[in-house]
Amino acid sequence: TALNDAARVRGLAKAGDPQSTPLACSFMLNWPTSHWGLVLIEVWQSALARQDLAAVQELGAAVQSVSDGLGPQLWESLLDAPAHVACGKTAMEALKALQGVSLIASGFPSKAHRDYFQHFRLLTAMERIGANQAMVEELRSQSDVMSLRMRQQNC
């Protein structure tokens, strides 16, 4: 069942196991998009925390392959996750991986509304990443902040 498959993938993601990525992609091939939220967020966050750019790109490609679109709530959750990554390169790669994702049209009054929402929501995510990266750089520039390296490794 979907719940059993999802539990296995989530367990690997929580343990930081890189195998969670191909298993999540397999899950997404076998189950409808309405089930993807069971695994995608945790695997996405795990890939970001590991700074695994290949996994981020693989998950992004899997999400982009959806023909009928992704739900806005799941897409927004994926957009918000990179803002919490200390590595700016990883965060920006995550946003690049999500740029081509289409959203379910039925959630919006028109295609123009959907495109407007998607464009400006992506810009908001970029601003959050930029603000957080500026803070990380400010902390790095302060010689008395020794705990940043430890926090970055455990993100």
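Throughout, residue positions are numbered sequentially from 1 according to the sequence presented.
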Value rounded to 0.5 Å, distance of [atom1] in [X] from [atom2] in [Y]:
X	Y	atom1	atom2	value
Thr90	Leu95	OG1	CG	11.5 Å
Leu78	Trp75	CG	CH2	9.5 Å
Thr33	Met28	OG1	CE	11.0 Å
Gln45	Leu40	CD	CG	10.0 Å
Met92	Met126	CE	CE	5.0 Å
Leu122	Leu79	CG	CG	6.0 Å

For [X] against [Y], the heavy-atom pair lying closest together:
X	Y	answer
Asn132	Ala83	ND2-O, 2.6 Å
Gly69	Ile104	O-CG1, 3.3 Å
Ala97	Trp44	CB-CH2, 4.2 Å
Ser77	Ile41	CB-CD1, 3.2 Å
Ala2	Phe27	O-CE1, 3.5 Å
Glu58	Thr21	OE1-CG2, 3.5 Å

* Ignoring hydrogens and angles, tell me if any N or O in the side chain of Ser46 forms a donor-acceptor pair with the backbone of Glu42 under 3.5 Å. =>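 It does not hold such a pair.
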Examine [X] and [Y] and state if one hydrophobic cluster contains both, with Ile, Leu, Val, Met, Phe, Trp and Tyr joined whenever side-chain heavy atoms are less than 4.5 Å apart.
X	Y	value
Leu103	Leu123	yes
Phe120	Leu70	yes
Leu53	Val43	no

* Asked: Counting only heavy atoms not in Gln64, do more than 12 fall under 6.0 Å of its CD?
  -> yes
* Any side-chain heavy atom of Trp36 within less than 4.5 Å of one from Val66? -> yes
* Asked: Are Gln133 and Lys89 side-chain neighbours, meaning at least one heavy-atom pair lies under 4.5 Å?
  ->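 Of all side-chain heavy-atom pairs linking Lys89 with Gln133, none is under 4.5 Å.
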* Asked: By side-chain hydrogen bond (donor to acceptor under 3.5 Å, both in side chains), which residues pair with Asp115, not counting sequence neighbours?
  ->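 Testing Asp115 for side-chain hydrogen bond (donor to acceptor under 3.5 Å, both in side chains), a comparison that skips the adjacent residues, returns Lys111.
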* Which residues satisfy the side-chain hydrogen bond (donor to acceptor under 3.5 Å, both in side chains) test with Ser106, sequence neighbours excluded? -> none
* **Pair listing, salt bridge (charged side-chain N to carboxylate O under 4.0 Å, His left out) test, anchored in residues 96-106, at least two apart** =>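 Qualifying pairs: Glu93-Lys96.
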* To do: Give every residue pair that meets the salt bridge (charged side-chain N to carboxylate O under 4.0 Å, His left out) criterion with at least one member in residues 15-37, sequence neighbours excluded.
  =>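 Residue pairs passing salt bridge (charged side-chain N to carboxylate O under 4.0 Å, His left out), neighbours aside: none found.
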* Just grab all the side-chain hydrogen bond (donor to acceptor under 3.5 Å, both in side chains) pairs involving residues 117-127, residues at least two apart or on different chains. => Glu76-Arg121, Asp80-Arg121
* Does anything in residues 4-16 pair up under side-chain hydrogen bond (donor to acceptor under 3.5 Å, both in side chains), and if so which pairs, sequence neighbours excluded? ->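 Qualifying pairs, neighbours excluded: Thr1-Asn4, Asp5-Trp31.
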